[in-house]
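Below is one structure; the comments refer to it alone.
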Amino acid sequence: FLIVSFGWRLALIVLAIIVGVVFSLLALVLVRNSPESCGLRADGDYSDAGDKPTVPIPDRTPQEAKHSPVFWIYSGALGLYSVFGTALVFHIVSIFNEAGRSAEEAFTYFFPVAIVSTSVNLLSSWLSDYWPLKRLLIIKLVGFMASGWGILHLQYDWGYWLLVCGFGVTSGLWGVLSNLAFIRFFGRLYLGEISGVNMTLTVIGSAIGPVMFSVGLDIFGSYHAAIWLNMLL
């Protein structure tokens, strides 16, 4: 709507103001540094008499985290989403054209994905209080496989909706796992540095993904090879 009404340059300026000014003010007013700063206790800390037993969360150092297979399993799974997700967004029109679908269909695809992703995010955020994160990770990876299979069969309606549902599930669970995994397994003391390593891998993945898909298209004449490689990983 902004692009049609004002052109893409002014649309970017308006979005920059919203993100840079409005959200910064909201963060200044609403965001807090820790539960303790609000007189609250972190989830699972019931140390008063008569409350539930305290659930200890060990504070691991970054070095301990990097030597843990759990760290690399979750970081790898989250980073792989970045590889696939960024490539999909960058090449969305070309991928849909390869399946005989229009650019309009490619862009309207994002709306149902957003609905699925938001719904899954809300549901899985609630379930994470009762389920082990491993179960959510496996569901995320199944959703990832489903989205890849959907692209491979995007010329069919069932392939389109498999992509929508699969990638929506993956996106919704990515947000939950990236927020919860490292604090749950490694504690809060070094959370910034540990999650920072994961974010570095995620950013690297977002740079690799579009190149991987482009090279695959140049060599094989199709995106299918890059998609199969992501699914194999």
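Note that the coordinates shown come from a computational prediction; the quantities given were computed from them, not determined experimentally.
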Taking the six-membered ring for Trp, are Phe182 and Phe186 parallel (under 30°), tilted (30 to 60°) or perpendicular (over 60°)?
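Judged by the thresholds at 30° and 60°, the geometry between Phe182 and Phe186 is parallel.
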Parallel, tilted or perpendicular for Phe6 and Phe1, by the 30°/60° rule?
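Because their plane-to-plane angle is over 60°, the rings of Phe6 and Phe1 count as perpendicular.
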Shared hydrophobic cluster for [X] and [Y] (ILVMFWY, side-chain gaps under 4.5 Å):
| X | Y | answer |
| --- | --- | --- |
| Leu2 | Val19 | no |
| Trp161 | Tyr156 | yes |
| Val21 | Leu28 | no |
| Trp174 | Phe90 | no |
| Leu201 | Leu177 | yes |

So, [X] side chain and [Y] main chain: donor-acceptor pair closer than 3.5 Å or not?
| X | Y | result |
| --- | --- | --- |
| Arg101 | Leu154 | yes |
| Gln155 | Gly100 | no |
| Thr108 | Glu105 | yes |
| Trp131 | Leu136 | no |
| Asp59 | Gly187 | no |

Side-chain contact, heavy-atom cut-off 4.5 Å: [X] with [Y]?
| X | Y | result |
| --- | --- | --- |
| Met231 | Trp149 | yes |
| Leu137 | Ile73 | yes |
| Leu163 | Tyr109 | yes |
| Tyr160 | Pro112 | yes |
| Ile151 | Leu88 | yes |
| Leu123 | Leu127 | yes |
| Ser68 | Arg60 | no |

Please collect all side-chain hydrogen bond (donor to acceptor under 3.5 Å, both in side chains) contacts where either partner lies in residues 12-26, sequence neighbours excluded, each pair once.
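side-chain hydrogen bond (donor to acceptor under 3.5 Å, both in side chains) check on residues 12-26 returns no pairs.
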Would you list the pairs meeting side-chain hydrogen bond (donor to acceptor under 3.5 Å, both in side chains) in which at least one residue belongs to residues 10-19, sequence neighbours left out?
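Sorted pair list comes back empty.
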For Tyr81 and Thr202, test the side chains for any donor-to-acceptor distance below 3.5 angstrom and give the result as yes or no.
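Looking only at side-chain atoms, Thr202 and Tyr81 do not form any donor-acceptor pair under 3.5 Å.
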Within the supplied structure, the quantity of interest is the number of heavy atoms (other residues, nucleotides, ligands) at a distance under 6.0 Å from His67 NE2; does it exceed 12?
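Check fails, neighbour count at 12 or below.
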Got a sec: does the CZ of Phe110 have more than 12 other heavy atoms crowding it under 6.0 Å?
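Count over threshold, so yes.
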Residues clustering with Leu12 (ILVMFWY side chains joined when closer than 4.5 Å, directly or via others):
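Members besides Leu12, by chain and number: Ile3, Trp8.
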Which residues end up grouped with Ile115 if you chain together Ile, Leu, Val, Met, Phe, Trp and Tyr wherever their side-chain heavy atoms are less than 4.5 Å apart?
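Other cluster members: Phe111.
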Would you be so kind as to tabulate the donor-acceptor pairs closer than 3.5 Å made by side chains of residues 140-147, with sequence neighbours excluded?
from   : atom 1 : to     : atom 2 : distance (Å)
Lys140 : NZ     : Ala77  : O      : 3.0
Ser147 : OG     : Gly143 : O      : 3.4
Ser147 : OG     : Phe144 : O      : 2.6

[atom2] on [Y] to [atom1] on [X], rounded to 0.5 Å:
| X | Y | atom1 | atom2 | value |
| --- | --- | --- | --- | --- |
| Ile18 | Ile13 | CD1 | CD1 | 12.5 Å |
| Leu78 | Ser195 | CG | OG | 11.5 Å |
| Phe185 | Leu180 | CZ | CG | 9.5 Å |
| Ile194 | Gln63 | CD1 | CD | 9.0 Å |
| Ser125 | Asn179 | OG | CG | 8.0 Å |
| Leu80 | Ser75 | CG | OG | 12.0 Å |

Atom pairs and distances, donor-acceptor, side-chain atoms in residues 205-220, under 3.5 Å, two or more places apart:
from   : atom 1 : to     : atom 2 : distance (Å)
Ser206 : OG     : Val203 : O      : 2.6
Ser214 : OG     : His91  : NE2    : 3.3
Ser214 : OG     : Pro210 : O      : 3.0

For the ring pair Phe96 and Phe107, is the centre-to-centre distance below 6.0 Å?
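Judged by ring-centre distance (under 6.0 Å), Phe96 and Phe107 do not meet the cut-off.
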Is it the case that the ring center of His224 lies less than 6.0 angstrom away from the ring center of Trp228?
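No: the rings miss the under 6.0 Å criterion.
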Apply side chain to side chain contact (heavy atoms under 4.5 Å, CB included) to the pair Ser117 and Phe167, showing each step before the final yes or no.
CA-CA 8 Å; Ser117 175; Phe167 196 71; over 6 Å; no
What is the minimum heavy-atom distance between [X] and [Y], and which atoms define it?
| X | Y | result |
| --- | --- | --- |
| Ala181 | Leu133 | CA-CD1, 3.5 Å |
| Ser34 | Arg188 | CB-NH1, 4.3 Å |
| Phe71 | Ala65 | CB-O, 3.1 Å |
| Leu173 | Ile139 | CD1-CG2, 3.6 Å |
| Ile227 | Gly148 | CG2-O, 3.6 Å |

